[in-house]
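Just below is one structure, and these are the notes that go with it.
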Amino acid sequence: MQNYDHIKIEKKWQKEWSKNEIYKTLNKGKKMYVLDMFPYPSGVGLHVGHPRGYIGSDVYARMKRMEGFNVLHPMGYDAFGLPAEQYALQHKIHPKKAVDENVKTFERQLSIIGLSYDWTRKVNTTDPKYYKWTQWIFLQIYNSWYDKTQNKARPISELESLFEKNGNEKINAECNSDTEFFSSKEWKLFSKIEKHNILMQYRLAYEGHSEVNWCEEMGTVLANDEITNDKNGNPVSERGGFPVIKKSMRQWFMRITAYADRLLSGLDGLEWSDHIKEIQKNWIGKSDGSEIEFKIRVPGKFSSGPRLPDLAVVRAGTREDEGPDHSENFSRDSLSIKVFTTRADTIFGATYVVLAPEHPLINNYKLLITNWREIEEYINEIKNKTDEDRVKNDKEKTGVELKGIKAINPANGEEVPVWIADYVLATYGTGAVMAVPAHDERDFEFANKYDLALKQVVVSNNLLKSIVVSTTLDNDIDFKYQLQKSKIDFTLSISSISNREHIRVELKKENLQEFINIVQKYIKEKCWVEILGNENIIVLKNEVHKDFLNHSEEWFKKFLEWEPFIKGQKNLWDMLSKNTFFQNLVCYQDDGILTNSGKFNGLTSEEARAQITKFVNGKIVTKFKMRDAIFARQRYWGEPIPLKHNPDGTTTEVKEKNLPLELPNIKSYVSTGTGESPLAGVKSWVKEGYETNTMPGWAGSSWYFLRYMDPQNSKAFASKKSLEYWKDVDVYVGGLEHATGHLLYSRFWNNFLFDLGHVPTREPFKKLRNQGMILASDGRKMSKRWNNVVNPDDIVKNYGADTLRIYEMFMGPFEQSLPWSTESIIGSRRFIDRVFRLQSKVTNKKSDIEVEKIFHKTLKKVSEDIENFAFNTAVSSMMILLNEIEKFENIGKAEFKILLQMLAPFAPHVTEELWSNTGEKKSIHKSSWPKWDKNKIVDDMIKIAVQVNGKVRTEIMISKDMSESEIKEMALKDKNILTWTEGKEIKRVIYVPNRIVNIVV
RNA sequence: GCCCGAGUGGCGGAACUGGUAUACGCGCACGACUUAAAAUCGUGUCUCGUAAGGGAUGUGGGUUCGAUUCCCACCUCGGGCACCA
């Protein structure tokens, strides 16, 4: 490494840049906001994988700066949360101190890489001046409700006046599902606490109870994404690996579900990868379906017909000790079960109804149910199971019938049994389903186990597309001959797996009968038949194949039952056209054509869904998988929630002028372990009535991108003026692991702030790029545990920051995970050395025209590649350029300077050194990005390939002004080509401009 | 199980919208410089074949003048979701 002293040069320029503040952001000009996901400053320091994203965004930001944009490229710290507190506990220091120490390490490691952050805009979520505004935003959310008609959040005070005027029946708002109706008059009569409780059901940040993931060891509640499974499949905390159980607790929630639809539709306008959009879509989990009521009937007690039982009988079902008599509310709803389904088209096949074991209606039916003891036992059994047990994939479904009551299928009036079963979730849809075993896998499995009826109501409509006949016949030539004779089209292929020949028949209506005749004849005379898969595959074989025995016993049993039918093949037509044979073994879940469905027969599933829903008085509804987010931690190290609990049970907020509500300084912030936050042990805090829970880790990170726009502002989280100027993040760079956390919460908060007019755009991140992980050379994640961590400090010391930067960009596509190779890094260093040496060849003379051309072509490529985050090919094209120009004796200064400028975003230090060596006084990073000259990227003569029948046979040089026919003629006359075309008729000549000529003979 | 994404030399990878597959880098081999080594520079490096030429982009088919690229089936790996009706 004698070429240049990277240690000296890099230090020198880093000092210079910070002295001259060359990366300082202005507040005018054409804006460009390039943001990295700010890190949690952990104690262990960085490995070479961490800076990859930062380097990518830095390259981009540097080019944009040179292109004349006013670039905002900041960095900060997300320092609240469990990890910091755990670290502090372990090291027996205050979390604040731990954070400060870690930030220092972090900044030292980052600073040597030469990233162009404007450090004057640094933010830290644990700074009271910062979290004042986190608390402020919380209060805005707390004081809002979601109007589904206007489709936006509105101040809670507006809701109060609406209640005052009309009560709540006509208000189309997002609220808790158990909210009851009241009139304007009733509202006025409600007590303070009643009003408070009702409003709480509408607030976008609300208090409630819920079953949560409780970690005894850590004394805290964890979010789903903070939990993993240990090797036995038991739930454990991601950090520490402590066991996690279910526990019901008082919680604060964020009503993110109010925004589910907008979070979904908002994705359309974003330049994010399809992959991450897919993850968010899945997470939000929208499904369009119908809510349909199944009436309840008590057989025996009442004569006949779907008559409802007397209210008195049902009322007797409520327990005396349940407190006030709810029978008025109880009446209608209790006499029917509301189910949610996306397959209303299959309702004629609904042969039973299932409630989740937790379903509130079950208790109401107590006196009607004849096997109550059994039911109670079952429910208790389920309660004691962990979620993990219940959801385990290979677990058999269990359930019990509610004997004594029946449900009425509203489509055909049939009486069907009612069950409770653990495969139905209380938390999704209505907590009840209509079971259609013929068309739903889960219902199918359950029905098989408990011997419940199965009724097929949808048949496949793709039968007429194609049928594959797979043969293991000794001689299938005859079969093919028969097909040919009947003019049935087919194609042949060999299955790579079974080595069977596949005859794919494209069936048309007019030869369906003919085809079936042939198959029937075969079955009758020569062979066995088997029908496989969902793909209409028929297997013709000489004997029962061994494969057969690989099927489950059950399948085999059923097959045997069908065997005489097949041997007799009376009804093959029916078997094929309805495919009942197959469908009765494995349920058919796709859309199709309705059958056995009364007047709806013949409709497509899609048509039927709408019509049937209407017919049974159902309602078209949309459901989401996403749940409201828990917004509380029983921990010390988080933002205090700025609310006070009053003795009368109501809650009041801390006034804006009293924000921030600062974390009290306490001696022991160790968790009490009782589920109470350490704050519950602070007397002064409790005396004031302050909320003892703190905010979760994602609070501070859900809006930090706004704070960078105006980080010092003490009057607002950012001034209107800077918000209007910066608007949103143009390019956001970070890891994929935040897809369902941070990236969703930030979008939620930003949408909310938009509704109230606090920010100018709905969506915060226009363009998102996810850097791939850098794995260790053994292909595993870099981790202390595997002892495979590569420290960037060592790389910077041995090879230089520029080499590290170039290598990390060159190693492969930015979004792809790649293994690190310290062996390969030398290539990037050599490249820099060669550029460094190139300066001795620089003259004041003009470069050769060929040299100029290469330069401009490369410049175009590099500019476009950086724009597209294709950093690897940008570096590679500069390497190609260098290979080319090294062949020349001399190179003009102008071209050399272009090379330096192109390279500057990747290797800021060495290019700055060389730039100053050319006599430039101003920093290269303040220079303007060179423009490529489109006249200098076209060649006069180009080489194209000539193919004969698609195979390259020679190359010819053409000039750019030759016509198509001239080129074709030149190709045909080429002597290499003549040896291939001699004596043959030229059928066609294809010319693709600037690429190839293909001669077909 | 369902839904995405990906499979190209010894290795990381390149190939625009269907148009000369294997750019660039690492490694390896040979050569030059050197007393020697390092560094540097040069040459070669998918495969079979002396050559002409043939064969290769996970496997098998298809469409096309032409397929890494489009379609169908399958295999493998990675990721997401996981009884969401």
Side-chain angles (χ1 to χ4, degrees), chain A residues 1-3 273-283 285-287 289 339-343 346 354 390-395 397 421-425 427-430 432-436 439-443 445-446 466 468 491-499 502 504 535 537 623-627 736 739-740 777 807 810-813 816-821 823-828 830-831 833-834 837 864 870 872-873 875-880 882-883 886 943-955 987-1001:
Chain A
M1 254 138 278
Q2 327 128 325
N3 281 288
S273 70
D274 289 342
H275 185 218
I276 199 159
K277 284 188 184 180
E278 194 66 33
I279 294 176
Q280 289 208 344
K281 266 182 210 164
N282 259 329
W283 185 262
K286 179 177 179 166
S287 40
V339 304
F340 174 70
T341 179
T342 55
R343 292 299 303 272
T346 63
V354 195
R390 219 177 128 173
V391 154
K392 225 177 238 169
N393 198 26
D394 46 353
K395 191 199 68 109
K397 297 177 176 30
D422 61 349
Y423 80 95
V424 173
L425 302 175
T427 47
Y428 184 76
T430 59
V433 301
M434 62 177 211
V436 186
H439 304 289
D440 181 279
E441 210 176 18
R442 296 151 302 182
D443 298 338
E445 194 190 320
F446 193 76
S466 72
V468 174
T491 51
L492 296 175
S493 61
I494 303 284
S495 155
S496 56
I497 301 164
S498 57
N499 219 17
H502 279 181
R504 185 181 288 270
E535 292 294 322
I537 295 179
K623 299 277 179 194
F624 296 91
K625 274 200 254 186
M626 190 169 61
R627 307 288 150 81
L736 208 54
T740 55
S777 46
Y807 178 63
F810 176 65
M811 57 197 295
Q816 194 173 309
S817 288
L818 297 161
W820 176 264
S821 163
E823 210 176 40
S824 301
I825 200 171
I826 188 67
S828 302
R830 282 181 191 146
F831 171 63
D833 285 341
R834 282 161 64 197
R837 264 180 261 132
E864 288 168 357
N872 55 330
T873 48
V875 174
S876 125
S877 62
M878 285 187 282
M879 287 173 169
I880 295 170
L882 186 61
N883 289 345
E886 275 179 339
K943 196 165 69 176
I944 63 163
V946 182
Q947 299 180 329
V948 177
N949 287 340
K951 285 206 159 70
V952 177
R953 296 304 178 188
T954 193
E955 288 169 342
K987 290 188 187 128
R988 243 174 110 181
V989 180
I990 294 145
Y991 171 61
V992 182
N994 301 330
R995 299 269 180 210
I996 57 140
V997 176
N998 189 13
I999 297 159
V1000 187
V1001 291

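A, B, ... follow the sequence lines: proteins, then strands. Residue 1 opens every chain. Computed from a predicted structure; not experimentally measured.
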Separation of the [atom1] atoms in [N] and [M], to the nearest angstrom:
{"N": "B:rU59", "M": "B:rU69", "atom1": "P", "answer": "11 Å"}
{"N": "B:rC46", "M": "B:rG42", "atom1": "C1'", "answer": "23 Å"}
{"N": "B:rG12", "M": "B:rC4", "atom1": "C1'", "answer": "25 Å"}
{"N": "B:rA21", "M": "B:rC71", "atom1": "P", "answer": "22 Å"}
{"N": "B:rU45", "M": "B:rA52", "atom1": "C1'", "answer": "23 Å"}
{"N": "B:rC2", "M": "B:rU63", "atom1": "C1'", "answer": "30 Å"}
{"N": "B:rG10", "M": "B:rA29", "atom1": "C1'", "answer": "13 Å"}
{"N": "B:rG80", "M": "B:rC74", "atom1": "C1'", "answer": "23 Å"}

Does [N] pair with anything, Watson-Crick or G-U wobble, both distances under 3.5 Å, and if so, with which nucleotide?
{"N": "B:rU20", "value": "none"}
{"N": "B:rG1", "value": "B:rC81"}
{"N": "B:rC46", "value": "B:rG55"}
{"N": "B:rU76", "value": "B:rA6"}
{"N": "B:rC41", "value": "B:rG31"}

Could you check how far [atom1] of [X] sits from [atom2] of [N], rounded to whole Å?
{"X": "A:D833", "N": "B:rA38", "atom1": "CG", "atom2": "P", "value": "17 Å"}
{"X": "A:K987", "N": "B:rU64", "atom1": "NZ", "atom2": "C1'", "value": "15 Å"}
{"X": "A:K951", "N": "B:rA67", "atom1": "NZ", "atom2": "C1'", "value": "13 Å"}
{"X": "A:I826", "N": "B:rC24", "atom1": "CD1", "atom2": "P", "value": "19 Å"}
{"X": "A:I279", "N": "B:rA82", "atom1": "CD1", "atom2": "P", "value": "12 Å"}
{"X": "A:Y428", "N": "B:rA82", "atom1": "OH", "atom2": "C1'", "value": "14 Å"}
{"X": "A:R834", "N": "B:rC24", "atom1": "CZ", "atom2": "C1'", "value": "11 Å"}
{"X": "A:N949", "N": "B:rC65", "atom1": "CG", "atom2": "P", "value": "11 Å"}

Would you say [X] reaches [N]'s phosphate, i.e. side-chain N/O to OP1/OP2 under 4.0 Å?
{"X": "A:R837", "N": "B:rA39", "result": "no"}
{"X": "A:Q947", "N": "B:rC65", "result": "no"}
{"X": "A:R830", "N": "B:rC26", "result": "yes"}
{"X": "A:N998", "N": "B:rU20", "result": "no"}
{"X": "A:R343", "N": "B:rA85", "result": "no"}

Among [options], which nucleotide sits nearest the side chain of [X]?
{"X": "A:F810", "options": "B:rG25, B:rC26, B:rA85", "answer": "B:rG25"}
{"X": "A:D440", "options": "B:rA23, B:rA85, B:rU20", "answer": "B:rA85"}
{"X": "A:R953", "options": "B:rG19, B:rG54, B:rA85", "answer": "B:rG54"}
{"X": "A:D422", "options": "B:rC83, B:rG25, B:rG13", "answer": "B:rC83"}
{"X": "A:E823", "options": "B:rA23, B:rC81, B:rC26", "answer": "B:rC26"}
{"X": "A:K625", "options": "B:rC81, B:rG80, B:rG1", "answer": "B:rC81"}
{"X": "A:T342", "options": "B:rA21, B:rG19, B:rA85", "answer": "B:rA85"}
{"X": "A:N282", "options": "B:rG80, B:rA23, B:rC65", "answer": "B:rG80"}

Exercise for the section: Measure the spacing between CD1 of A:I826 and CG of A:D833 and express it to the nearest 0.5 Å. Expected result: 7.5 Å

Problem - From A:I276 atom CD1 to A:L736 atom CG, the distance as rounded to the nearest 0.5 Å - result: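 It is 5.0 Å, given to the nearest 0.5 Å.
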
Fill in the blank from the handout: By salt bridge (charged side-chain N to carboxylate O under 4.0 Å, His left out), A:K625 pairs with (sequence neighbours left out) none

Practice task
List for me each residue that meets salt bridge (charged side-chain N to carboxylate O under 4.0 Å, His left out) alongside A:E445, sequence neighbours excluded, and say none if there are none.
Solution key: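 Partners of A:E445 by the salt bridge (charged side-chain N to carboxylate O under 4.0 Å, His left out) criterion, ordered by chain and then number, come out as A:K397.
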
Exercise for the section: Return the orientation label for the A:Y428 and A:F340 ring planes: parallel under 30°, perpendicular over 60°, tilted otherwise. Expected result: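 Aromatic pair A:Y428/A:F340 classed perpendicular.
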
Handout entry: Listed partners of A:T427 passing side chain to side chain donor-acceptor pair (under 3.5 Å), at least two apart
Key =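 Checked A:T427 against side chain to side chain donor-acceptor pair (under 3.5 Å); matches are A:R627.
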
Exercise for the section: Flag the pair A:S824 / A:F810 as yes when at least one side-chain heavy-atom distance between them is below 4.5 Å, and no otherwise. Expected result: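 The answer is no; the side chains never approach within 4.5 Å.
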
Which residues pass the side chain to side chain contact (heavy atoms under 4.5 Å, CB included) test with [X], sequence neighbours left out?
{"X": "A:K286", "result": "A:D261, A:L264, A:D288, A:T622, A:F624"}
{"X": "A:T954", "result": "A:V946, A:D974, A:N976, A:I977"}
{"X": "A:R834", "result": "A:R837, A:L882, A:N883, A:E886"}
{"X": "A:V952", "result": "A:A945, A:Q947"}

Exercise for the section: Kindly indicate whether the side chain of A:K397 and the base of B:rC83 share any N or O donor-acceptor pair separated by less than 3.5 Å? Expected result: yes

Practice task
Describe the nucleic acid contact of A:S287 in one word from base, sugar-phosphate, nothing, applying a heavy-atom distance below 4.0 Å.
Solution key: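 Since only primed, P, OP1 and OP2 atoms lie under 4.0 Å of A:S287, the category is sugar-phosphate.
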
Exercise for the section: Tell me what A:Q816 touches on the nucleic acid: a base, only sugar-phosphate, or nothing, going by heavy atoms under 4.0 Å. Expected result: sugar-phosphate

Atom pairs under 3.5 Å, N or O on each side, protein against nucleotides 15-17 of chain B: can you list them with distances?
residue	atom	partner	partner atom	Å
B:rC16	O2	A:R995	NH2	3.0
B:rC16	N3	A:R995	NH1	3.4
B:rC16	N3	A:R995	NH2	2.1
B:rC16	N4	A:R995	NE	3.3
B:rC16	N4	A:R995	NH1	3.1
B:rC16	N4	A:R995	NH2	3.2

Completion exercise
Taken in chain and number order and not counting sequence neighbours, the residues that satisfy ring-ring contact (aromatic ring centres under 6.0 Å, His included) with A:Y807 are A:W820

List, one per line, each side-chain donor-acceptor pair under 3.5 Å for residues 989-1001 of chain A, sequence neighbours excluded.
residue	atom	partner	partner atom	Å
A:Y991	OH	A:N994	N	3.3
A:N998	OD1	A:G950	N	3.0

Got a list of protein N/O to nucleotides 46-49 of chain B N/O distances below 3.5 Å?
none

Report each atom pair, protein N/O against N/O of nucleotides 4-11 of chain B, whose distance is under 3.5 angstrom.
none

